[in-house]
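One structure is given here, and the rest of the page talks about it.
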There are 2 protein chains.
Amino acid sequence: MKLLDVIKALSNQTRLNILEWLKEPFAHFPAEELADYTPDLGVCVSDIAKKAGMSIPTVSVYLKTMSTANLLTATRKDQWTYYKRNEQAIQELAKHITDKL
Amino acid sequence: MKLLDVIKALSNQTRLNILEWLKEPFAHFPAEELADYTPDLGVCVSDIAKKAGMSIPTVSVYLKTMSTANLLTATRKDQWTYYKRNEQAIQELAKHITDKL
DNA sequence: TGCAAATTTAGGTAATTTCCTAAATACCTA
DNA sequence: TAGGTATTTAGGAAATTACCTAAATTTGCA
């Protein structure tokens with residue numbers, strides 16, 4: 001893990017928000033958008049962009065940044081790309097800070 | 001704690017390095033510079049700047065950024081400002097990531 | 001008092017990040 | 001194959017960050 005890349009992926013309020021929203025999707029996204037939600041897949045790009053109040057391209061890049069840093073996991077299904085949290089990587093980050101930083 | 005401010009204080013390779021150097025000063029700074037080192041005080045600005053290979057003003061601002069974010073503690077003594085790690089705040093960050101992020 | 005050493009503040013240029021719109025691509029379905 | 005929806009890629013303007021040098025400030029001491 002390249003710590004700086006992970007930290008940079010987190011160093012923006014919108015990206016931090018996204019990570020928190022994905023922790024409890026039903027608390028943050030309209031139920032109709034989560035009609036076929038599964039914890040396995042997560043939430044699609046356009047739903048996240050709407051919640052963030054930002055353009056889809058911007059959020060698409062944010063999500064890709066976070067999945068490159070391993071904080072999120074992307075799954076393409078049909079024409080949608082779903083993103084969910086990578087809980088293991090988030091805990092590894094915490095552990096890395098505890099042990100190494 | 002404002003998570004974003006702490007993360008931004010960490011989102012630069014030099015600042016990350018400084019935090020690591022201060023973990024074990026004797027492993028990273030010349031012994032003569034640490035002649036009157038105490039864990040209580042830490043290391044002074046110009047020694048850190050020399051180690052970083054950057055100008056003193058730049059490093060001075062970096063150190064202030066990190067102490068504002070509470071990651072470092074500054075102590076002024078005579079004409080020197082010494083910086084040491086704030087271990088408690090670093091552990092709080094790890095805990096915050098574990099519990100809240 | 002007045003110089004010397006350490007640090008901080010100011011001010012500027014270059015690089016990076018933010019976030020947009022337009023265009024390109026992927027994948028569905030008729 | 002054509003057309004529609006979702007996403008990604010490209011390209012660019014504005015804001016922020018990275019760092020420098022010069023100047024100002026703080027503190028000690030002859």
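Hydrogens, waters and symmetry mates are skipped; everything else that's a heavy atom, side chains included, is used. So that the names make sense, note that chain A is the first sequence line, chain B the second, and so on, each numbered from 1.
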Should Thr58(B) be listed as having a side-chain N or O under 4.0 Å from OP1 or OP2 of dC20(D)?
-> yes
Rounded distance (Å) that lies between atom C1' of dT16(D) and atom CG of Leu4(B) | 13 Å
Under-4.0 Å salt bridge between Glu33(B) and Lys51(B) = no
Comparing Val61(B) with Val59(A), nearest DNA chain C nucleotide closer to 5' gives the residue Val61(B)
Would a line drawn from the ring center of Tyr37(B) to the ring center of Phe26(B) be shorter than 6.0 Å?
-> yes
From OH of Tyr82(A) across to P of dT7(D) the rounded distance in Å is 8 Å
Please report, rounded to the nearest Å, how far the C1' atom of dC20(D) is from the CD1 atom of Ile56(B).
-> 13 Å
Is there a path from Met54(B) to Leu16(B) through hydrophobic residues (I, L, V, M, F, W, Y) whose side chains come within less than 4.5 Å of each other?
-> yes
No-hydrogen, no-angle side-chain donor-acceptor test under 3.5 Å, Thr58(B) and Ser55(B) | yes
Take the angle between the ring planes of Phe29(B) and Trp21(B) and call it parallel below 30°, perpendicular above 60°, tilted in between.
-> perpendicular
Between dT5(D) (P) and Glu33(A) (CD): distance, integer Å | 17 Å
Can you name the one residue among Gln91(B), Lys84(B), Arg85(B) that meets side chain to side chain donor-acceptor pair (under 3.5 Å) with Glu87(B)?
-> Arg85(B)
What's the CG-C1' distance between Leu63(B) and dC19(D), to the nearest Å?
-> 14 Å
Is the shortest side-chain N/O distance from Lys64(A) to OP1 or OP2 of dT8(D) below 4.0 Å?
-> no
Whole-Å gap separating C1' (dA6(D)) and CD (Gln79(A)) = 6 Å
Within a strict 4.5 Å, meaning less than it, do heavy atoms of the Leu41(B) and Thr38(B) side chains meet?
-> yes
Hey, does Thr81(A) reach any base, or is it just sugar-phosphate, or nothing, if we go heavy atoms under 4.0 Å?
-> sugar-phosphate
Please work out if Ser55(B) contacts a base, only the sugar-phosphate, or nothing of the nucleic acid, heavy-atom cut-off 4.0 Å.
-> base
From the candidates dC20(D), dT7(D), dT26(D), the one with an atom nearest any side-chain atom of Val45(A) is dT7(D)
Round to the nearest Å and state the distance from Gln13(B) atom CD to dT17(D) atom C1'.
-> 16 Å
So where does chain B start and stop touching DNA chain C, 5' to 3', when the test is distance under 4.0 Å to a non-hydrogen atom?
-> dA6(C) to dT9(C)
Over how many whole Å does the gap from Lys8(B) atom NZ to dT16(D) atom P extend?
-> 8 Å
When you get a sec, tell me which of dC19(D), dA10(D), dT7(D) is the closest nucleotide to the side chain of Tyr62(B)?
-> dC19(D)
